[in-house]
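Taking it in order: structure first as structure tokens, then the write-up.
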Amino acid sequence: MKRITTELVDDLDGTIIGDGQGGTVSFAHEGRQYELDLTAANAEKLREALAPFVAKARSAGSRRAAAAGSTSRKRASSGSSDTQAIREWAQANGHPVGDRGRISTEIREAYAAANA
């Protein structure tokens, strides 16, 4: 038996992020989308640092609204309800995916293509 384990690691300080102790934070800056995996504490630091700027900023729409026109993008970024199905499909089809943690975009896209 072969088991591959994936750990979510804080991109800022290298801390391993356990269940419920953090996650992926998305944000945009100067027209580019970014994601960081952060512990809850570091995510809060980021939100606190951005708060004065966000409070004065104009809303330019949401990422979800911008992606609404792209069917393949929506399928590729399936919600958590599909996560277990994607993980099981990936493992059965030889894709490297752990029992926990984030599933890569490539695997989500392969799953979506296989189930289109």
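Hydrogens, waters and symmetry mates play no part in the numbers below; they use all other heavy atoms, side chains included.
Within the model, atoms CD1 of I16 and CG of D37 stand 12.5 Å from one another, a figure rounded to the nearest 0.5 Å. With rounding to the nearest 0.5 Å, the separation of NE2 in H95 from CD in Q91 is 11.5 Å. How far CZ of R87 is from OH of Y111: 12.5 Å, rounded to the nearest 0.5 Å. For the atom pair L50 CG and H29 NE2, the distance stands at 10.0 Å (nearest 0.5 Å). Atom CZ of R47 sits about 13.5 Å away from atom NZ of K45, to the nearest 0.5 Å.
Minimum interatomic distance between I107 and A90 (heavy atoms only, all atoms of both residues): CG2-CB, 3.7 Å. When all heavy atoms are compared, the tightest approach of G23 to I17 is N-CG2, 4.2 Å.
D10 places a side-chain N or O within donor-acceptor distance of the main-chain N or O of T39, the cut-off being under 3.5 Å. With hydrogens and angles ignored, the 3.5 Å screen pairs a side-chain donor or acceptor of Q21 with a backbone N or O of G18. N42 places no side-chain N or O within 3.5 Å of a backbone atom of L38 that could act as its donor or acceptor partner. With hydrogens and angles disregarded, no donor-acceptor distance shorter than 3.5 Å links the side chain of R102 to the backbone of L8.
A parallel orientation is assigned to the rings of F27 and Y34, their planes being inclined by less than 30° (bins at 30° and 60°).
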Give the C-alpha distance, both sets of side-chain angles, the deciding distance and a yes or no for side chain to side chain contact (heavy atoms under 4.5 Å, CB included) between I4 and V97. CA-CA 7 Å; I4 298 171; V97 64; over 6 Å; no
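Using a 4.5 Å heavy-atom threshold, the side chains of L12 and L36 count as separate. Between R108 and T83, the closest side-chain pair of non-hydrogen atoms falls below 4.5 Å.
If you run side chain to side chain contact (heavy atoms under 4.5 Å, CB included) between D13 and each of V9, D11, T15, only T15 comes through.
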